[in-house]
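Heads up, the thing below is written out as structure tokens.
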Number of protein chains: 2
Amino acid sequence: MPLDLEKVGVKTALRSFLGSNDLDTNTLAEFYQDLSRNSEEIRYSPGQHLFREGDLNEYIYIPVSGAIMLERSTSSGSRQVFAFLLTGNILGVSDQLIYNFSAKALNDSNVIKISQKLMKNIFERYPAIAKRYQQITSHILSMILDQLFIMGQRTAHQRLAHLLLDMQNRLGHGTNKFHLPMSRQDIADYLGMSLETTSRGFSQLKKLDLINIENNYQITIVERVKLTDYANR
Amino acid sequence: MPLDLEKVGVKTALRSFLGSNDLDTNTLAEFYQDLSRNSEEIRYSPGQHLFREGDLNEYIYIPVSGAIMLERSTSSGSRQVFAFLLTGNILGVSDQLIYNFSAKALNDSNVIKISQKLMKNIFERYPAIAKRYQQITSHILSMILDQLFIMGQRTAHQRLAHLLLDMQNRLGHGTNKFHLPMSRQDIADYLGMSLETTSRGFSQLKKLDLINIENNYQITIVERVKLTDYANR
DNA sequence: CGAGCCCTTGATGCATTTCAACGAATGTGG
DNA sequence: CCACATTCGTTGAAATGCATCAAGGGCTCG
């Protein structure tokens, strides 16, 4: 379906993408017009791929609702999950001819899909947006560095604590409760550990009264400070 | 010292930075002029910092010779090494106000130092170079993803095998021999393992006749195909 | 030659994986 | 609505990989 700028989610996602700075209202309005005419919003079901590793890099995507997982698999069957993307994040920020990872919807998700061609065109006409895009790229870079840092850290349970803190930030909306969009296996492949270790990690953190597990996916951070401490010990 | 464009290493490094494409000779010549007037080549001794985590992000750096290590340390004393940079690589490609890692020379290194201000200026005047810069950023992003992928690999020895293959590509100059610029401890912190495990990994790979160790730093890849197989098993 | 540094190797204990069984939640067809 | 299958998560026990502790070897440089 064509992009409907009046939908609350779409606006939120785009605002989060563009950031709160610099862009004057005229530029913004024109840009929105461009988008609504030339790009669309697409709905994906759980498990459906936005694209696969090896596909031509022709679009960028901005999730409006739901959650997207970036992953790469080996011939030998193992898998690395690179990131979980939520509302207002962006994927496909790359000049590479071909995607070198796959993107898959974790649950029912709405996603804005913009062609790279349109994007290049927009960059030429709105330097402010091109600049913002560069900022985003460098922010992503710094996020991945953080992730790499965490991967090198001591214990599996600490890495899990990091993930939960991150998820609270991104999903908690100011509260200490959130709903995990991914499975234990997804978390395991994200943090480089086995499914069972992930599960034991949850149990351990619950036993220490740092978190509470309402059901498999509904998590509460009970002791944020202590959990942070646990993660960075 | 001011940048001497006639020096072979400098040319090589800049060419590798700029890539082999697109830029017409006029643009190139002007750009080189700009650089030689406004930037400099600096020599660093082993262990010396180019910058530290938290320093203002005011320069980008391009190694001409030697090797630079990017690292971040925790308060609790552990360390993550993010990358080893060699001739023609680039560091400081980020819009972040402050570096979020340190850069340290591993051995005697010459480095071209360019102010971010000059760089921005150059981008405005030479769009082709701005575009190239964006390509580089996205290439770096994809390198870090590869690194993240490797960190998720099963065993420590496999990760080491990956590193050695990477080093052969970058240092071997077409041969199967190369000189490692970093210590066992550096490798350990890069791959998220202990120094001892790294050492045992070397011994193991040698025992399997996949590599040969002339001395601690002089390595030969004996069986590239088998080593690749070992790394991805 | 000896000091210092880095690397290697061995022994031990702990963290994590693997294998296996079970439990909870969800969906399906009779 | 209830058996039943299926999927996903938890937990236990055994095996393995890795970190840690500790000792010793080799190289370099004064």
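The chains referred to below are lettered A, B, ... by the order of the sequence lines, with proteins before strands, and numbering in each begins at 1. These numbers come from a predicted model, not from an experiment.
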Could you check L165(B), T197(B), I187(B) and say which one makes a side chain to side chain contact (heavy atoms under 4.5 Å, CB included) with L160(B)?
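The option that passes is I187(B).
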
Checking contacts here: which listed nucleotide (dT18(C), dT17(C), dT8(C)) is nearest the side-chain heavy atoms of M193(A)?
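Of the candidates, dT17(C) comes closest.
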
Per Y217(B) side chain, nearest of listed nucleotides dT18(C), dC6(C), dT9(C)
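Nearest to the side-chain atoms of Y217(B), counting from C-beta on, is dC6(C).
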
With a 3.5 Å cut-off and just heavy-atom distances, do the side chain of Q185(B) and the base of dC5(C) make a donor-acceptor pair?
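Flag unset: no donor-acceptor pair detected.
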
Hey, does the side-chain of R200(A) have a donor or acceptor N/O within less than 3.5 Å of a partner on the base of dT18(C)?
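Side chain to base: pair found, below 3.5 Å.
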
Interatomic distance where CG belongs to L205(B) and C1' belongs to dT8(C) [whole Å]
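Nearest whole value for this atom pair: 15 Å.
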
Output yes when a side-chain donor or acceptor of [X] lies under 3.5 Å from a complementary backbone atom of [Y], and no otherwise.
| X | Y | value |
| --- | --- | --- |
| S138(B) | D95(A) | yes |
| N107(B) | A67(B) | yes |
| T220(A) | I211(A) | no |

Counting the atoms with a prime plus P, OP1 and OP2 as sugar-phosphate, which does T155(B) contact under 4.0 Å by heavy atoms, base, sugar-phosphate, or nothing?
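The residue T155(B) makes sugar-phosphate contact but no base contact.
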
Bounds of contact between DNA chain D and chain A, in 5' to 3' order, using a heavy-atom cut-off under 4.0 Å
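First and last nucleotides in contact are dC8(D) to dA13(D).
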
When the ring planes of F101(A) and F51(A) are compared, do they come out parallel, tilted or perpendicular, using 30° and 60° as the limits?
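Because their plane-to-plane angle lies in the 30° to 60° range, the rings of F101(A) and F51(A) count as tilted.
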
Hey, which sits more toward the 5' end of DNA chain D by its nearest nucleotide, E196(A) or L195(B)?
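The residue mapped nearer the 5' terminus is E196(A).
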
Given DNA chain C, 5'-ward residue of the pair H157(A) and N216(A), judged by closest heavy atom
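So the residue in question is H157(A).
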
Side-chain donor-acceptor pair under 3.5 Å between Y190(B) and Q147(B), yes or no?
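Present: a donor and an acceptor within the cut-off.
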
